[in-house]
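Naming: A, B, ... by sequence-line order, numbering from 1 per chain.
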Amino acid sequence: MLHIVNKSPSERNAFDSCLRLATKGSAVLLIEDAVYAATKGTAAAAQLQAAMADLKVYVLAPDMEARGMAGRVLEGVNLVDYGGFVDLAAEHNTCQSWL
Amino acid sequence: MDEASEGVVKKFMFLNRKAPYGTIYALESLEVVLISAAFDQDVSLAFVDDGVYQIVKGQHTKGIDQKNFSPTYRALEGYDIEKLYVEKEGLEARGLTEDDLLVDVTVLSAAEMANLMAEQDVVISF
């Protein structure tokens with residue numbers, strides 16, 4: 001399953017819920033304000049780092065760049081463009097958007 | 001014009017708590033701040049929680065097809081809006097320092113920010 005999160009981890013609990021309920025081997029794609037979860041020095045990044053043992057984590061690069069966070073990306077996450085977003089959606093049978 | 005109210009300067013604070021681009025709040029706040037400059041009031045901007053992300057350096061929005069409004073914060077000085085405050089705890093929780101910001105700000109502790117809020121006549125929240 002592909003999990004998509006678009007809310008800031010320091011404003012909503014969508015990111016927490018996603019990590020709690022995503023099963024091993026799932027993919028997590030962070031877009032819009034959720035990209036802050038993959039920036040170094042945050043509590044969310046520490047959670048994400050731990051979760052990466054079981055989950056594949058992707059981040060939408062244009063959203064990272066828009067927010068001035070391109071230089072602060074947590075190691076180990078995979079940056080994708082809009083084409084990569086489409087590929088991920090096509091590769092997985094189901095998508096769960098954590099609105 | 002009501003003569004009694006003419007020339008009264010009130011302390012206005014714009015309290016910014018949302019990240020830019022994901023929602024419209026940050027841009028709307030900036031629009032209202034610019035309008036407020038026309039009224040010669042005592043204006044302060046406060047950035048707390050995700051609001052600190054609004055003034056992070058190096059924003060490049062070409063890839064998301066949205067206007068990059070971050071340079072506008074640097075123009076506020078030209079409108080005599082020079083009181084910008086950032087909550088220290090908000091910066092630290094996001095792994096940021098004052099050097100990551102694109103404008104000169106005063107960094108305040110939560111307690112200092114609370115006192116500053118308490119002395120305002122009007123607080124407008126975004």
Below 4.5 Å from any heavy atom of chain B, which atoms of A/Met69 appear? Answer side chain, backbone, both or neither. side chain

Do [X] and [Y] belong to the same hydrophobic cluster, where Ile, Leu, Val, Met, Phe, Trp and Tyr are linked whenever their side-chain heavy atoms lie under 4.5 Å apart, directly or via other members?
X: B/Ile24; Y: B/Leu45; value: yes
X: A/Leu29; Y: A/Trp98; value: yes
X: A/Leu74; Y: B/Tyr53; value: yes
X: A/Val86; Y: A/Ile4; value: no
X: A/Leu88; Y: A/Phe15; value: yes

Using 0.5 Å steps for rounding, measure from the [atom1] atom of [X] to the [atom2] atom of [Y].
X: B/Ile64; Y: A/Ile31; atom1: CD1; atom2: CD1; result: 11.0 Å
X: A/Thr42; Y: B/Glu92; atom1: OG1; atom2: CD; result: 14.0 Å
X: A/Ser8; Y: B/Arg94; atom1: OG; atom2: CZ; result: 6.5 Å

Assess whether atom [atom1] of [X] is packed by more than 12 heavy atoms of other residues, nucleotides or ligands within 6.0 Å.
X: B/Glu82; atom1: CD; value: yes
X: B/Tyr25; atom1: OH; value: no
X: B/Lys10; atom1: NZ; value: no
X: B/Tyr79; atom1: OH; value: no

Counting heavy-atom pairs under 4.5 angstrom with chain B, the leader among A/Gly41, A/Gly68, A/Ala66 is A/Ala66

Out of A/Arg72, A/Glu11, A/Lys40, which one racks up the most heavy-atom pairs below 4.5 Å with chain B? A/Arg72

Mind listing the closest non-hydrogen atom pair of [X] and [Y] along with its distance?
X: A/Tyr36; Y: B/Ala19; result: CE1-CB, 3.5 Å
X: B/Gly63; Y: A/Pro62; result: O-CB, 3.7 Å
X: A/Asp33; Y: B/Thr23; result: OD2-N, 4.3 Å

Cut-off 4.5 Å, heavy atoms of chain A, and the answer for B/Asn68 is neither

Under 4.5 Å from any heavy atom of chain A - which part of B/Lys18: side chain

Are there residues of residues 99-126 of chain B whose heavy atoms fall under 4.5 Å of chain A's heavy atoms? If so, which? B/Asp100

Report yes if some heavy atom in the side chain of A/Arg67 is under 4.5 Å from a heavy atom in the side chain of B/Gln59; otherwise report no. no

